[in-house]
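Data block below; observations after.
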Amino acid sequence: MFFFRMIFRSFSRQFKRRLLIAVTVCLSATVSVAMLGVVFDVGDKLNAELSTYGSNITVQPKADAVVNDLYNTGGDANSSASGTSESDPTTFLKESDAPKIKTIFWAFNITNFAPELNIHADVNCASESVDSSSCKASGVPIVGTWFAKTLHMDSGESTVAGMNGMRSWWKLDGSWPKDDSAQGLIGTTLASKLGVTKGDTVTLYKTTADGSRNKQRITITGIYDSGDSDNNAMYIPSSTAQVLANLPDSIDKIEVKALTTPDNDLARKASKNPNALTQDEWETWYCTAYPSSIAYQIEEVIPGSVAKQVRQVAALQGDVLQKTQAVMVLMTVLSLVAAAIAVANLMAASIGERGSELALLKAIGATDGAVSRLMFAETAVISLVGAIVGALLGSGVAQIVGHVVFGSGITMRPMVFVLVFVLLTLTVLIASFSSIRSILGLKPAEVLHGR
């Protein structure tokens, strides 16, 4: 009973100091849980955020990909009509093969995709009875694509794909065209040149490979501003573009937006030559959502295609992710170091103030080990309470960070709490060890006599 009364009086006299230890551990746990929670979830968040700015994988006919590699003629993957080529494509993929992209192993990581037929046509926005040179343009880039096409898969699932989701950063004055219609969008530069506004109708003229002259009237439903040279183009439904160019079921490009894992050494090795991988490396690479592995699987399901990751986007994702994680890990480490220093100082002061109590315990028969365990137990209980409260607060802070920065909540993984509690345990043990060592040097007779 005497032993427990001593503990009770000790807690009463040193309540403020113990409260400071609990608050210190609580703050450290809050920062650690919040930062590590974001670190474990930031990869998907950043990929989703960056993917709003365009595709990160492009699919082309194999012949075109070889030419692009040899002569570096590929344009910006996210600006279909901004390439330097003024000629129409000569090799094609089948539009009917495009939905197969959603059948690959990483189908759920494919958030959107859109096939394209990039052609050139003459545009006349005046009445056929009026010859107005100011309302004509030759060789205008025309992109035949999907806008919000609903696809019904063989598995029974449905998905919506098209430019409506691929070009979320566009500033659109008007509405998106309907698929399989005689509607279209026009860029601000081209609209200004022709004097066209939304609701107007223009006529497209196209000389096909067999020499015939086709025409198609298009109603402009909206004027878009892409912020780049794509503003010189028009976007119309792919089926309409195929009729105009007499190229049924033909596309020359597919833009794919996918949630991916940033490249590492294995992914870079595989992107150079997948056949150089060992069996274990192959399985790891194929079953990880690297851009190169997703591209490889797309090539498997679309005949005659070459799928390539947009290097600039992939590099940006990896670089931003690494820097963000590094900052958050550094904040976690600094919070733990600060907690260790604070706990060590508080315990040292506590032991100094309680010297007579600890000496009395040793005088009545308590061993150094028993006194040390007592101090450890007190500190552990106080730290545990602080850690639990800090973990709850940290979860809340992580959600605030997620909603403010990414617009969605953070998924708190159990591993985060386990890791934080392990780190805090080690921190408290290290901080306590140096202070408790001084207990071994206490001599009851000298302390109790005030020496």
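As the structure is a computational prediction, the values presented were derived from the model and not from experiment.
- In this structure a side-chain-to-backbone donor-acceptor pair under 3.5 Å is present from Thr111 to Lys257.
- Between Ile236 and Gln183 there is no side-chain heavy-atom pair separated by less than 4.5 Å.
- Using a 4.0 Å cut-off between charged side-chain N and carboxylate O, Lys198 and Asp173 make a salt bridge.
- When atom types are taken as modelled, the side chain of Asn124 and the backbone of Lys136 share no donor-acceptor pair closer than 3.5 angstrom.
- With hydrogens and angles disregarded, a donor-acceptor distance shorter than 3.5 Å links the side chain of Thr221 to the backbone of Ser175.
- Ser212 contributes no side-chain N or O that, together with a main-chain N or O of Thr208, makes up a donor-acceptor pair within less than 3.5 Å.
- Salt-bridge annotation for Lys215 and Asp122: absent, with no side-chain N of the basic residue lying under 4.0 Å from a carboxylate O of the acidic one.
- Thr260 places no side-chain N or O within 3.5 Å of a backbone atom of Pro291 that could act as its donor or acceptor partner.
- Residues passing the salt bridge (charged side-chain N to carboxylate O under 4.0 Å, His left out) test with Asp97 are Lys100, sequence neighbours excluded.
- Considering all non-hydrogen atoms of both residues, Ala137 and Leu190 come closest at CB-CD1, 4.5 Å.
- Side-chain contact between Leu117 and Gln242 is present, with heavy atoms from C-beta onward closer than 4.5 Å.
- A donor-acceptor pair shorter than 3.5 Å can be found between the side chains of Trp285 and Ser292.
- Formation of a donor-acceptor pair under 3.5 Å by the Asn231 side chain with backbone atoms of Gly187 is not found in this model.
- The pair Glu281-Lys269 counts as a salt bridge, with a side-chain nitrogen and a carboxylate oxygen less than 4.0 angstrom apart.
- Between the side chain of Ser28 and the main chain of Thr24, no donor-acceptor pair closer than 3.5 Å is present.
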**OP:** Begin from the C-alpha positions of Lys206 and Gln216 and carry the test side chain to side chain contact (heavy atoms under 4.5 Å, CB included) through to its verdict.
**Re:** CA-CA 9 Å; Lys206 174 66 177 175; Gln216 176 68 54; over 6 Å; no
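- Atom CE of Met153 sits in a crowded spot, with more than 12 heavy atoms from other residues, nucleotides or ligands closer than 6.0 Å.
- In this structure, Tyr296 has its ring center no closer than 6.0 Å to that of Trp106.
- Side chain of Ser250 to backbone of Pro248: a donor-acceptor contact under 3.5 angstrom is found.
- By the side-chain contact (heavy atoms from CB on, under 4.5 Å) test, Leu419 pairs with Leu36, Phe40, Leu423, sequence neighbours left out.
- Residues satisfying the side-chain hydrogen bond (donor to acceptor under 3.5 Å, both in side chains) test with Thr197, not counting sequence neighbours, are Asp200.
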**OP:** Could you walk me through whether Lys149 and Glu95 pass the salt bridge (charged side-chain N to carboxylate O under 4.0 Å, His left out) test, one step at a time?
**Re:** CA-CA 13 Å; Lys149 195 175 187 68; Glu95 183 185 37; over 6 Å; no
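- In this structure, the ring of Tyr224 has its center less than 6.0 angstrom from the ring center of Tyr235.
- Of the possible polar contacts, one joining the Asp179 side chain to the Phe147 backbone as a donor-acceptor pair under 3.5 Å is found.
- Distance alone, capped at 3.5 Å, is enough to place a donor-acceptor pair between the Lys102 side chain and the Ile110 backbone.
- Contact check for His152 versus Glu157: no side-chain heavy atoms found under the 4.5 Å cut-off.
- Residues Ile220 and Met234 have side chains in contact (heavy-atom distance under 4.5 Å, counting atoms from C-beta outward).
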